[in-house]
Amino acid sequence: MQTLNIIRPDDWHIHLRDHTTLKLTVPLAERTFARVLAMPNLTPPLTTVPNILSYRQRILAVTQDEHFSPYFSVYFTNDLNEATLREAKQCPWILGVKLYPQGATTHSDWGIDDIHKQFAHLSVMEELALPLLIHGEVTTSTIDIFDREARFIDTVLQPLQHRFPKLPIVLEHITTAEAVDWVQSMPAHIAATITAHHLAFNRNHLLAGGIRPDYYCLPILKRHHHQQKLQQAVMTKNQSQFFLGTDSAPHVQDKKYSACGCAGCFTSPIALPLLAELFAAHQALPLLEAFTSINGARFYQLPINTQRLRLTQSPWVVPKAYTTDDLTFIPLLAGQTLSWQCQPIEGQPNE
């Protein structure tokens, strides 16, 4: 039986939701991850430091692991002000400002309608070295949904980076070869997160043989050659600009499986086993630790975790559902067998 001990991973892009749902999402996340970057697109969104700190207390109220640390970003709205940016920079639990183009994904109605109107705020962020975390898609109705990320890079991101060359940027949950190439062409203060499901699956899993709502997410799954490019980025040595952000996005069962199903894959319970299976299949297991446990911490200038996690090649069946109170959430790959599982190693420091 093959085993692998790695530094306990972090998840630098996760949706924990709020209130009752936290009783499910937080314990599931902390089984694997030492730190998470919880997204601010709640209802209402997290737009101020006091609101973020209040949300942090709601998360800590249900945590079962004293070593678990949630981090946050400020939701970039048209009403953002400089005082909030400077206050966020001083808060140790806030790592950046999250930009959603209006209409790009779930709860993005408060997002930015015109990035050109925000240049004064971006200048302050560049001065403060406060990272801009970007959902990188255009939302123009005439642009094909499979081309939205590539078009965003060409028309928004490249001009933005040229105008603010020292601004730290994380291009979130990238899905295309164009995104990989762009990040690799940039200096070290430009990075990207990649999800487990975009590494493991492509649009055939969503569409071939019938539409499968489990795989519906935004940005949407792309062609196989894009999937291969993402895999190459994380399975090649010294690719420190790429790190794990699961974008795990739980939606209650009746909203996910409906005539207009919500976009998002609930992957938090399976992310590490799925990645271990994928990396093992590509003879790349020694590179898993950098992607999941090192690169993100170094980008955000945080210490490497001291706890460790053991991955074991031992089959298990993904639960068909997770419930809390009256809410039911279906994980990606529900009822299917994964060949790897993980567990913490107590009391073992990093070497």
Side-chain angles (χ1 to χ4, degrees), residues 10-16 33 35-42 45-49 51-52 55-56 69-78 80 84-85 87-89 91-102 104-108 110-112 115 118-119 121-139 148-149 152-153 156-158 160-161 164 166-175 179-180 182-183 186-195 198 217-219 240-249 264 295-302:
D10 300 310
D11 184 350
W12 298 112
H13 185 125
I14 190 172
H15 298 271
L16 296 176
F33 302 108
R35 294 174 292 213
V36 299
L37 179 50
M39 292 296 102
N41 57 333
L42 306 179
L46 300 177
T47 58
T48 70
V49 173
N51 286 343
I52 288 172
Y55 181 47
R56 180 174 182 270
S69 297
Y71 288 82
F72 307 91
S73 58
V74 177
Y75 197 121
F76 200 145
T77 70
N78 291 320
L80 183 66
T84 295
L85 293 174
E87 187 179 5
K89 179 64 178 180
C91 179
W93 307 114
I94 296 177
L95 299 181
V97 179
K98 182 59 184 281
L99 189 156
Y100 293 100
Q102 279 187 3
T105 189
T106 303
H107 297 161
S108 61
W110 298 277
I112 298 301
I115 192 64
Q118 306 301 328
F119 282 176
H121 292 135
L122 293 170
S123 179
V124 173
M125 291 174 61
E126 184 178 44
E127 170 204 332
L128 298 173
L130 183 62
L132 177 67
L133 317 181
I134 303 177
H135 182 116
E137 292 188 289
V138 297
T139 56
R148 288 179 176 180
E149 182 174 281
F152 182 89
I153 293 169
V156 180
L157 190 55
Q158 289 190 146
L160 184 72
Q161 197 278 331
F164 303 100
K166 296 181 181 179
L167 175 65
I169 294 175
V170 180
L171 187 56
E172 300 273 31
H173 43 51
I174 63 171
T175 63
V180 171
W182 185 80
V183 172
M186 292 290 109
H189 65 278
I190 307 293
T193 58
I194 306 180
T195 76
H198 285 107
C217 57
L218 292 173
S240 61
Q241 290 168 278
F242 302 97
F243 44 87
L244 176 63
T246 66
D247 195 17
S248 179
N295 295 347
R298 287 181 174 167
F299 177 85
Y300 285 116
Q301 300 179 33
L302 295 169

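One-based numbering along the sequence shown. Note that this is a predicted model, so its numbers are computed, not measured.
Of the possible polar contacts, one joining the D11 side chain to the T246 backbone as a donor-acceptor pair under 3.5 Å is found. Formation of a donor-acceptor pair under 3.5 Å by the E126 side chain with backbone atoms of P168 is not found in this model. With hydrogens and angles disregarded, a donor-acceptor distance shorter than 3.5 Å links the side chain of N295 to the backbone of F242. Side-chain N or O atoms of N51 include none that pairs as donor or acceptor with a backbone N or O of L46 at under 3.5 Å.
With ring centers used as reference points, Y71 lies 6.0 Å or more from Y300. Aromatic ring centroids of H173 and H198 lie 6.0 Å or more apart. Between F76 and Y100, the distance separating the two ring centers is not shorter than 6.0 angstrom.
Between the OG1 atom in T47 and the CG atom in N78 there is a gap of 12.0 Å [rounded to 0.5 Å]. Note that CD1 of I112 is 9.0 Å distant from NE2 of H121, once rounded to the nearest 0.5 Å. The OG1 atom of T48 sits 7.5 Å away from the CD atom of E87 when rounded to the nearest 0.5 Å. One finds the CZ atom of R56 at 8.0 Å from the SG atom of C91 (value rounded to the nearest 0.5 Å).
Side-chain contact between Q158 and I153: present, with at least one pair of heavy atoms (C-beta onward) separated by less than 4.5 Å. Contact annotation: the side chain of H135 approaches that of P101 to within less than 4.5 Å [non-hydrogen atoms, C-beta and beyond]. Side-chain contact between N41 and H15: present, with at least one pair of heavy atoms (C-beta onward) separated by less than 4.5 Å. Counting heavy atoms from C-beta on, the side chains of V36 and D10 never come closer than 4.5 Å. Between V170 and L132 the shortest side-chain heavy-atom distance does not fall below 4.5 Å. Within the 4.5 Å cutoff, side-chain heavy atoms of L171 are placed close to those of L157. Considering only heavy atoms from C-beta on, I115 comes within 4.5 Å of L160 through its side chain. For the pair I169/F164, no side-chain contact is recorded, criterion being any heavy-atom separation below 4.5 Å from C-beta on.
By the 30° and 60° cut-offs, the orientation of the rings of F243 relative to F299 is tilted.
Contact record, W93 with S69: CZ3-CB, 4.4 Å, taken as the closest heavy-atom pair. Considering every non-hydrogen atom in both S73 and L133, the closest pair reads CB-CD1, 3.8 Å. L130 approaches L85 most closely through the heavy-atom pair CD2-O, 3.9 Å. Residues I190 and V183 approach most closely at O-CG1, 4.2 Å, considering heavy atoms. Of all non-hydrogen atoms in P131 and L95, the two that sit nearest each other are CD-O, 3.2 Å. Contact between I134 and K98 at its shortest, heavy atoms only, is C-CE, 4.2 Å.
Residues D247 and T195 have side chains that never bring a donor and an acceptor to within less than 3.5 angstrom of each other. With no hydrogens or angles considered, a side-chain donor-acceptor pair links E172 and H13 at under 3.5 Å.
With sequence neighbours left out, T84 forms a side chain to side chain donor-acceptor pair (under 3.5 Å) with N81.
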Next item on the list: Could you walk me through whether Q161 and L167 pass the side-chain contact (heavy atoms from CB on, under 4.5 Å) test, one step at a time?
Entry: CA-CA 7 Å; Q161 197 278 331; L167 175 65; over 6 Å; no
Notebook entry, point to check: For T193 and I174, what are the C-alpha separation, side-chain angles and deciding distance, and is it a side-chain contact (heavy atoms from CB on, under 4.5 Å)?
Noted result: CA-CA 6 Å; T193 58; I174 63 171; over 6 Å; no
Next item on the list: Test side-chain contact (heavy atoms from CB on, under 4.5 Å) on W12 and R35 and set out the steps.
Entry: CA-CA 8 Å; W12 298 112; R35 294 174 292 213; 3.9 Å; yes
